[in-house]
Amino acid sequence: MTQSAVSAGSGAAPEAPPLLEVRDLKTWFKTEDGLYRAVDGVSFAVRRGRTLAVVGESGCGKSVTSLSIMRLVPEPPGIRAGGQILLDGEDLLEKSQVEMQDIRGQRVSMIFQEPMTSLNPVYRVGEQIVEGLVKHRGMSAAEARAKAIEMLGLVRIPSPESRVDSFPHEMSGGMRQRVMIAMALACDPALLIADEPTTALDVTIQAQILGLMREIQARLGTAIILITHDLGVVAEMADDVVVMYAGKVVERAGVRALFDDPQHPYTLGLIDSIPRLEEKRDRLSTIEGSVPHPQRLPEGCRFSPRCPLATDRCRNEEPPLRQLRDGHEVACWYAPIDEAAA
Ligand SMILES: Nc1ncnc2c1ncn2[C@@H]1O[C@H](COP(=O)(O)OP(=O)(O)O)[C@@H](O)[C@H]1O
Ligand SMILES: [Mg+2]
């Protein structure tokens, strides 16, 4: 995967350089049972003010990818085995943890599936928002409290002037997720990483939170990496999509191209398993089998044991990510590659 393939524009209007460029990222784990290649050569770019969705089943390496960007992978057992994570051209993999403390919250923020893992139960929600504002923005306590109330209003918490003094356990799951978003965006980061932000919520609340994220993005111009296993969420939210399988990118495209002209058999399987409205959500039932454990990766294409189209070549040779056409790449031996562009 080359840089030009990640960032190349259409040739006509030159595009602004991406806010974040992940190049050939490898995050492995050295465990007692051996080496886990959990993220194994992942590349993508995030454009300013846009949403990139990273989609794949559980265990594909989505969270390890986002934790790598935040530099929150525990080392050990984690190993930075290679690659670059360029934020405005600066490689986050080269930063010290002290430097990362300034970057986290201020330039890149993250929200998690379960807000209680990031909210401290013993502090009032306002105090938790204030803390970042005082630390990163040098605000006075009074200024920071006013900003915290403003942020709670922005995420549509009713009566923010009194809710600012609530404890997390006094709020519903949906409200806590709103507080998380308020906290993550308080210092106006250029990039928000949202790792399955609505998976734990019921469908109605999920739709509200996603709508809220879109609205805030339009207002603040925040770029979003949205991690999800749900292609329904991708269709609603994403501009660009990366499909991950077993630590690799198998397909990368604009959202329209991904749904109108999906190429990788894994992507096709995911799309086929989008639940219809009347069915239960979040079941990926039509792809037989499961994601391989990162210590027992198959030879050749990692999807080949589950792929209905796999041949001997797929079982022996790993397909590289190749350009199908501008902005659409796929790692499958049987996709119709544009040889002129490749
Ligand atoms: N701290 C860790 N030590 C060892 N293996 C890990 C660790 N964290 C994650 N992994 C492994 O990395 C793989 C990818 O995990 P993850 O990124 O959480 O998947 P996803 O978010 O796509 O569901 C999994 O097989 C998981 O077991
Ligand atoms: Mg995850």
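Small disclaimer: the values here were computed from a predicted structure and weren't measured. What you see below is based on every heavy atom in this structure, not just the backbone, and it leaves out hydrogens, waters and symmetry mates.
- For the pair Glu21 and Gln84, the minimum side-chain heavy-atom distance is 4.5 Å or more.
- Here the side chain of Gln263 pairs no donor or acceptor atom with the backbone of Glu251 at under 3.5 angstrom.
- A donor-acceptor pair under 3.5 Å links the side-chain atoms of Arg178 to the main chain of Val155, judged by distance alone.
- Listed by first and then second residue, the salt bridge (charged side-chain N to carboxylate O under 4.0 Å, His left out) pairs involving residues 132-156 are Arg145-Asp165, Lys147-Glu150, Arg156-Glu215 (not counting sequence neighbours).
- Leu19 places a side-chain heavy atom less than 4.5 Å from the side chain of Leu87.
- Applying the salt bridge (charged side-chain N to carboxylate O under 4.0 Å, His left out) test to residues at least two apart or on different chains, none of the pairs has a partner in residues 189-206.
- Partners of Tyr245 under the ring-ring contact (aromatic ring centres under 6.0 Å, His included) rule, at least two apart in sequence or in another chain, are Tyr266, Phe303.
- Under the 4.5 Å side-chain heavy-atom criterion for ILVMFWY residues, no single connected hydrophobic cluster contains both Trp28 and Val64.
- Residues Thr228 and Val234 have side chains in contact (heavy-atom distance under 4.5 Å, counting atoms from C-beta outward).
- Put simply, the side chain of Ile103 does not reach to within 4.5 Å of the side chain of Arg71, judged on heavy atoms.
- Within the 3.5 Å criterion, the main-chain N or O of Gly59 finds no donor-acceptor partner in the side chain of His293.
- Criterion: ILVMFWY side-chain heavy atoms under 4.5 Å apart, direct or through other members. Under it, Trp333 and Leu324 are not part of a common hydrophobic cluster.
- Judged by distance alone, with hydrogens and angles left aside, the side-chain atoms of Ser109 form a donor-acceptor pair with the main-chain N or O of Ala184 at under 3.5 Å.
- Hydrophobic clustering (ILVMFWY, side-chain heavy atoms < 4.5 Å, transitive): Leu52 and Leu86 are in distinct clusters.
- Note on Leu35 and Leu25: separate hydrophobic clusters, where clusters join Ile, Leu, Val, Met, Phe, Trp and Tyr whose side-chain heavy atoms are under 4.5 Å apart, directly or indirectly.
- Legend: residues meeting side chain to side chain contact (heavy atoms under 4.5 Å, CB included) with Ala331, ordered by chain and number and at least two apart, are Leu321.
- Shortest non-hydrogen contact noted between Ile129 and Ala182 is CD1-CB, 4.2 Å.
- Checking side-chain atoms of Ser96 against main-chain N and O of Glu99 turns up a donor-acceptor pair under 3.5 Å.
- In this structure, Glu299 has no side chain to side chain contact (heavy atoms under 4.5 Å, CB included) partners at least two apart in sequence or on a different chain.
- For the pair Gln128 (side chain) and Leu119 (backbone), a donor-acceptor distance under 3.5 Å is absent.
- With hydrogens and angles disregarded, no donor-acceptor distance shorter than 3.5 Å links the side chain of Arg50 to the backbone of Asp239.
- Here Lys62 contributes atom NZ and Met244 contributes atom CE; the two are 8.0 Å apart, rounded to the nearest 0.5 Å.
- Side-chain N or O atoms of Asp40 include none that pairs as donor or acceptor with a backbone N or O of Lys26 at under 3.5 Å.
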Evaluate salt bridge (charged side-chain N to carboxylate O under 4.0 Å, His left out) for Arg163 paired with Glu170, printing each intermediate quantity in order.
-> CA-CA 9 Å; Arg163 278 304 196 171; Glu170 296 172 324; 5.4 Å; no
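- Judged by distance alone, with hydrogens and angles left aside, the side-chain atoms of Arg252 form no donor-acceptor pair with the main-chain N or O of Glu329 at under 3.5 Å.
- When atom types are taken as modelled, the side chain of Glu288 and the backbone of Cys307 share no donor-acceptor pair closer than 3.5 angstrom.
- Partners of Ala253 by side chain to side chain contact (heavy atoms under 4.5 Å, CB included), not counting sequence neighbours, listed by chain and number: Ala257, Leu258, His328.
- Hydrophobic clustering of Ile, Leu, Val, Met, Phe, Trp and Tyr side chains at less than 4.5 Å, counting indirect connections, unites Ile287 with Val55.
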